[in-house]
Amino acid sequence: ASGTLPEFVGDEANETLRYFTKQENMPRSDWPLVLSGPTGSGKTELAYSIVQPDESPGSAKPVYQSAVEFSRFFKSAVDTDSTRDFRLRYMKAPVVVLDDLHHFSRFPAAQQEMVYILDQLALKGTPVIVTSAQPVQLVDGLMPQLASRLLNGLCVDVKPPGSAARSVIISRLAGIYETKLGPGAVGLLVKRLPVTMPKIRQFFIQFLAQRERPDGTPVMQDELSAYFDHLNSHDQEKLADLIIQSVAREFR
């Protein structure tokens with residue numbers, strides 16, 4: 001997506017996750033791998049990057065889906081009497097990633113189907129990676145059968161980026177938005193910006209939308225300090241107007 005990073009950026013806050021960034025360390029017997037953490041911590045990027053599927057011509061394609069998409073496609077398969085074709089897609093996949101497990105609570109029939117699919121994939125040794133905003137045992141409405149399959153694998157917490165990771169994220173986003181950051185600017189932003197990737201991205205959208213200096217002019221530390229002081233002095237109505245204008249400009 002526009003304005004997002006293509007890979008997970010971690011630091012000491014996610015030290016244990018370094019293990020999974022090395023292909024040779026992948027736990028072949030510990031599927032499914034469940035990554036749980038708050039929105040914006042980078043779970044999805046990490047899930048997509050852990051297993052590198054075969055990209056050669058004619059190779060099977062991985063399956064990347066959210067829980068809502070899986071549920072919608074399953075309902076369509078039931079309605080059209082095509083559940084066999086639906087299941088075959090997962091059986092052929094070299095890797096299956098299921099995003100946003102916490103949304104599964106609204107779809108009990110789809111959960112039951114996922115139990116069946118997980119059992120079949122376990123027999124094949126297919127890598128399965130699941131992301132969730134909460135640990136499996138805390139997801140409301142999750143069937144015990146599904147929870148037990150997920151807990152039978154490896155469950156890892158993904159924490160929001162620490163200061164070192166935020167420094168990297170800010171620098172890379174500045175490059176994506178073609179913005180030069182002057183001396184001390186990155187350090188100030190690390191201290192002042194929230195810890196999640198979406199909120200750091202939101203800063204760039206808002207800041208660049210209202211910036212009056214010519215494009216290409218480096219963003220200096222004093223300019224950023226003035227910007228944050230200005231935000232703090234605004235009342236809620238003016239801040240809401242700024243957000244509306246920024247979002248409208250970003251999405252035209």
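Listed by chain and residue number, V63, V96 satisfy the side chain to side chain contact (heavy atoms under 4.5 Å, CB included) test with A93 (two or more places apart in sequence, or in another chain). Shown here are the salt bridge (charged side-chain N to carboxylate O under 4.0 Å, His left out) partners of R72, two or more places apart in sequence or in another chain: there are none. For D119, the side-chain hydrogen bond (donor to acceptor under 3.5 Å, both in side chains) partners are R149, not counting sequence neighbours. For R211, the side-chain hydrogen bond (donor to acceptor under 3.5 Å, both in side chains) criterion is met by E223, not counting sequence neighbours. Remark: K75 engages D79 in a salt bridge (charged side-chain N to carboxylate O under 4.0 Å, His left out) (not counting sequence neighbours). For the side chain to side chain contact (heavy atoms under 4.5 Å, CB included) test, residues two or more places apart in sequence or in another chain that qualify with P135 are S36, Q137, L138. Under the rule for a salt bridge (charged side-chain N to carboxylate O under 4.0 Å, His left out), E69 has no partner lying at least two apart in sequence or in another chain. With sequence neighbours left out, Y227 forms a ring-ring contact (aromatic ring centres under 6.0 Å, His included) with F203, F207. By the side-chain hydrogen bond (donor to acceptor under 3.5 Å, both in side chains) test, S148 is found to be paired with no residue, residues two or more places apart in sequence or in another chain being considered. Judged as a side-chain hydrogen bond (donor to acceptor under 3.5 Å, both in side chains), and not counting sequence neighbours, the contacts of Q65 are Y90.
At a threshold of 4.5 Å between side-chain heavy atoms, the hydrophobic network of Ile, Leu, Val, Met, Phe, Trp and Tyr places I170 and V168 in one connected group. Both F228 and Y177 belong to a common hydrophobic cluster when Ile, Leu, Val, Met, Phe, Trp and Tyr are linked at side-chain heavy-atom distances under 4.5 angstrom. Under the 4.5 Å side-chain contact rule for hydrophobic residues, I117 and V34 share a cluster. No path of Ile, Leu, Val, Met, Phe, Trp and Tyr side chains, each step under 4.5 Å between heavy atoms, connects L98 with Y64, placing them in separate hydrophobic clusters. A continuous path of hydrophobic side-chain contacts links V97 to L46 [ILVMFWY only; heavy atoms under 4.5 Å].
When atom types are taken as modelled, the side chain of S167 and the backbone of S163 share no donor-acceptor pair closer than 3.5 angstrom. Side chain of H102 to main chain of A133: a donor-acceptor pair is present (N/O by atom type, distance under 3.5 Å, no hydrogens or angles). Between the K43 side chain and the L35 main chain, no donor and acceptor come within less than 3.5 Å of each other. Side-chain N or O atoms of Q206 include none that pairs as donor or acceptor with a backbone N or O of S246 at under 3.5 Å. Between the side chain of Q221 and the backbone N or O of G182, no donor-acceptor pair lies under 3.5 Å.
Inter-residue side-chain proximity for P183 and M220 is flagged as met; some heavy-atom pair is nearer than 4.5 Å. Annotation: side chain of F104 is not in contact with side chain of V139 (no heavy-atom distance under 4.5 Å). Proximity of F107 to F74: side-chain heavy atoms (C-beta onward) are nowhere separated by under 4.5 Å. You'll find the side chain of L118 stays beyond 4.5 Å of the side chain of W31, heavy atoms only.
Between L193 and R166, the shortest heavy-atom contact is O-NE, 4.1 Å.
The list of salt bridge (charged side-chain N to carboxylate O under 4.0 Å, His left out) pairs with a residue in residues 83-98, not counting sequence neighbours, reads R87-E113.
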Distance-only donor-acceptor pairs under 3.5 Å for side chains of residues 121-131, two or more places apart:
{"unit_1": "K124", "atom_1": "NZ", "unit_2": "M91", "atom_2": "O", "d": "3.3"}
{"unit_1": "T131", "atom_1": "OG1", "unit_2": "D99", "atom_2": "OD1", "d": "2.2"}
{"unit_1": "T131", "atom_1": "OG1", "unit_2": "D100", "atom_2": "N", "d": "3.0"}

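Of the inter-residue distances, the one linking R249 atom CZ with L208 atom CG reads 10.0 Å to the nearest 0.5 angstrom.
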